[in-house]
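We name chains A, B, ... by the order of the sequence lines, and we start the count at 1 in each one. Remember, predicted model here, so these are calculated numbers, not experimental data.
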Amino acid sequence: MSEDKKEQKKEPFEPKIVGFLCNWCSYAGADLAGTSRIQYPPNIRIIRVMCSGSVDSMYILRALLEGADGVFVGGCHPGDCHYIDGNYKARRRMVLLQNILETLRLEKERVWLRWISASEGQKFADTMNEMTAAIKKLGPNPMAKHWDL
Amino acid sequence: MVQKMLKVKDGDVSGAINDFLRQLLSSQKLQALIVPQAMPSQKTTFPVLVSDPHMLHAAPLAPLLAASTAALVSRMTKVQAAPHPIGVVMRSCEIRALLELVKLNQAKLENIVIIGIDCLGTFPLNTYVEFPEKQKPTEYLLEQWKKNPDALDKYLRSACRVCKDPIPTNADIVLGLYGTDIEKQIIVEAYSDVGKQLVEHVKLEEGKDSKERQKALQQVREDKTKKRQQFLKEKAGIKGIEKLAEFFDRCVNCHNCRQACPVCYCKECLFDSSVFDAEAYKFLRRAEMKGMLKMPTDALLFHVGRMNHMILSCVQCGLCEQACPNTIPLMDVFIPVAEQAQKEFSYTPGKDKDEKIPLIVYKEDEFLEVGEK
Ligand code: SF4
Ligand code: SF4
Ligand code: FES
């Protein structure tokens, strides 16, 4: 089969989302969604981190530049961070990252930050539905084809 | 503020400034001075640390910024504050960078006497060394500056062409060139107590009306702002992944830009660390995902990652651009990004040494939409 034919038979677009979830809240929330058998799209690849404040923007950028269609960072609700203020700092870093992406027109809409507690299994599932739908609308990350970065 | 006048004899501006600095150094109130001075070849000027007044032959007007004195002061004071007063002749962007380094605990201001000098702009190092005009760069600068300053634009570094503010702030003493006929006299302003005491030791005349200076300062600031807006308009197209990939495609990952940056202080840069060493199979997997991979890898990641680490402190000195061996016009991207990011946090780097850098503080009730929607 020629390359063209293969292209035509393409599967519908299933976004790849990289998720950094803090151990104490969002990861537990995702776990709860799983153990409670709440359905949510399987597009997220979860990486457990100790705190949303430990996610350097470099890792988010790395995922994007390598072609992830979306990057999700999940942390405890403000005031609930296990390390007191990691999520407040994560929020400022996210504001900066999104501002830079906006100036450079690098689709800041692909990067999400959300607060999800250990008891919010449903919220985690809802957020995954919401994000997957939003990224599907955006389409594939054009960086996935750029080998020249 | 105390304003005085430094007389210039026979139009020798540099001579008068040297005289001023020599008197300061001889007064024993300063142990040493850091000033730009010509190297023996006369081809370049570099900051030198002078302790012997007889060896002082400063070139404070030479249009060259070979290295930022901010980084040099950091080297000298990071571990321990200077034990005795050292005078440092600095341009405005160098002072701004020094204040950022102080906030980052990378420099101590005790016993550092900042002698700011109005900046007339600087040329790229290579242009300075191989200056194509008949005159020497400094002579050319002074002549054009008087006749038709816009003519200098073709040689100025882009950072200088669109400088945010060429007038020093937060200095103990300022040597003013705008708003005076520098072939006759230079304005000396003393701001801090230390500055005021120091100028007592130099033969100066009383300053008069500063209206002319205020007018000139307003004029140069307006002029630069206009050029800056024009610049931002011109560079607005370097956006989106296609354009950015192209913009950086001659980057060889030497990281000279980061090395030259006064506010990039990390002992070991993340981008030089073992985080980027990986087993061959990981590189292969990355290549397989895209079909192939430019080597060395991660140039764009380095630049955008570096911005995320330091752009709020970027003083727009343009030393990164000057350091690039492949002449990537980094300011075309760094200026717009710095402008927007600093606006987001209402932060002006180098303005106030007691202001905290935005990434180390937070408020509970801010940016509420981020994290919720
Ligand atoms: S990034 Fe470039 S312009 Fe900004 S402070 Fe560093 S060297 Fe100067
Ligand atoms: S100095 Fe130039 S080539 Fe070297 S890393 Fe910076 S942009 Fe790339
Ligand atoms: S531990 Fe969850 S955000 Fe800090």
Side-chain angles (χ1 to χ4, degrees), chain A residues 16 26 52-53 55-68 73-79 81 84-108 111-116 123 127 130 134 141-149, chain B residues 236-249 251 270-271 275-276 285-287 289-294 297-309 311-312 333 336-345 358-373:
Chain A
K16 282 199 192 82
S26 304
S52 65
V55 184
D56 190 287
S57 299
M58 194 275 280
Y59 293 99
I60 301 173
L61 283 167
R62 181 42 145 357
L64 271 187
L65 292 171
E66 289 298 293
V73 180
C76 312
H77 283 269
C81 172
I84 300 165
D85 56 9
N87 49 2
Y88 289 121
K89 291 178 178 167
R91 182 166 65 190
R92 279 206 164 200
R93 282 209 296 270
M94 182 59 79
V95 170
L96 178 62
L97 171 64
Q98 290 185 338
N99 180 287
I100 293 172
L101 292 178
E102 167 75 21
T103 307
L104 298 176
R105 301 282 185 279
L106 291 180
E107 303 190 299
K108 69 167 184 176
V111 182
W112 288 40
L113 172 72
R114 288 291 182 279
W115 312 131
I116 293 168
K123 181 171 180 190
T127 308
E130 196 193 334
N141 178 0
M143 297 185 214
K145 289 212 157 49
H146 272 276
W147 53 266
D148 57 341
L149 309 178
Chain B
I238 313 170
K239 291 199 170 134
I241 191 64
E242 298 295 328
K243 288 280 163 55
L244 285 170
E246 189 184 321
F247 184 83
F248 286 111
D249 70 359
C251 176
L270 176 62
F271 298 97
V275 166
F276 286 85
R285 212 160 56 194
R286 288 176 67 188
M289 281 194 310
K290 294 185 175 186
M292 61 177 167
L293 197 57
K294 178 197 175 196
T297 61
D298 301 301
L300 189 59
L301 178 65
F302 161 68
H303 289 288
V304 187
R306 186 167 95 86
M307 287 173 188
N308 273 276
H309 289 169
I311 203 72
L312 292 169
V333 175
V337 171
E339 285 286 290
Q340 289 308 319
Q342 292 168 8
K343 201 160 112 198
E344 177 88 64
F345 290 94
L359 287 189
I360 58 173
V361 288
Y362 61 87
K363 289 197 203 97
E364 289 178 10
D365 55 349
E366 61 174 6
F367 305 121
L368 294 176
E369 67 292 349
V370 181
E372 295 302 343
K373 253 201 265 153

Reported CZ-to-CG distance for the pair A:R62 and B:D298, which is rounded to 0.5 angstrom = 4.5 Å

Do the side chains of A:E102 and B:Q340 get nearer than 4.5 Å, heavy atoms only?
-> no

From A:I100 atom CD1 to B:N308 atom CG, the distance as rounded to the nearest 0.5 Å = 4.0 Å

Could you tell me which portion of B:F367 (side chain, backbone, both or neither) has an atom closer than 4.5 angstrom to a non-hydrogen atom of chain A?
-> both

For the atom pair CG (B:L270) and OH (A:Y59), what is the distance rounded to the nearest 0.5 Å?
-> 5.5 Å

Name the member of A:V73, A:I60, A:L106, A:I116 that forms the most heavy-atom pairs with chain B at distances under 4.5 Å.
-> A:L106

Looking at B:M292, B:E344, B:R306, which makes the most heavy-atom pairs under 4.5 Å with chain A?
-> B:M292

At a heavy-atom separation under 4.5 Å, does B:E339 approach chain A through its side chain, its backbone, both, or neither?
-> neither

Donor-acceptor under 3.5 Å (B:K290 side chain, A:M143 main chain) = yes

Heavy-atom distance under 4.5 Å between the side chains of B:F345 and A:V95, does that happen here?
-> yes

In this structure, CG of A:L65 is separated from CZ of B:F302 (nearest 0.5 Å) by 13.5 Å

Would you confirm whether A:R92, through its side chain, and B:P358, through its main-chain N or O, come within 3.5 Å as a donor-acceptor pair?
-> yes

Would you indicate whether the side-chain heavy atoms of B:I241 and A:H146 approach each other to under 4.5 Å?
-> yes

Between A:L97, A:N99, A:L101, which residue shows the highest count of heavy-atom pairs closer than 4.5 Å to chain B?
-> A:N99

Could you walk me through whether A:D148 and B:E246 pass the side chain to side chain contact (heavy atoms under 4.5 Å, CB included) test, one step at a time?
-> CA-CA 8 Å; A:D148 57 341; B:E246 189 184 321; over 6 Å; no

First locate atom CG of A:L96, then atom CD of B:Q342, and finally report the distance between them rounded to the nearest 0.5 Å.
-> 10.0 Å

Side-chain contact, heavy-atom cut-off 4.5 Å: B:V333 with A:T103?
-> no

Proximity breakdown for B:H309 and chain A, heavy-atom pairs closer than 4.5 Å | side chain

Side-chain heavy atoms of B:E364 within contact of A:P78, under 4.5 Å | no

Please report the C-alpha distance between A:R114 and B:E372 in whole Å, then the side-chain angles of each, then the deciding distance to 0.1 Å, and finally whether the salt bridge (Lys or Arg N to Asp or Glu O under 4.0 Å) criterion is met.
-> CA-CA 6 Å; A:R114 288 291 182 279; B:E372 295 302 343; over 6 Å; no

Do A:R91 and B:L368 pass the side chain to side chain contact (heavy atoms under 4.5 Å, CB included) test, and can you show the C-alpha distance, the side-chain angles, and the key distance before you say yes or no?
-> CA-CA 9 Å; A:R91 182 166 65 190; B:L368 294 176; 3.8 Å; yes

Check step by step if side chain to side chain contact (heavy atoms under 4.5 Å, CB included) holds for A:M58 and B:V275.
-> CA-CA 11 Å; A:M58 194 275 280; B:V275 166; 4.0 Å; yes

For A:K16, does the NZ atom sit with more than 12 other heavy atoms under 6.0 Å from it, leaving out its own atoms?
-> no

To the nearest 0.5 Å, tell me how far B:K363 NZ sits from A:Y88 OH.
-> 13.0 Å

Please report the C-alpha distance between A:L61 and B:L300 in whole Å, then the side-chain angles of each, then the deciding distance to 0.1 Å, and finally whether the side chain to side chain contact (heavy atoms under 4.5 Å, CB included) criterion is met.
-> CA-CA 10 Å; A:L61 283 167; B:L300 189 59; over 6 Å; no

Which answer fits A:D56, side chain, backbone, both or neither, if we ask what part of it has an atom under 4.5 Å from a heavy atom of chain B?
-> side chain

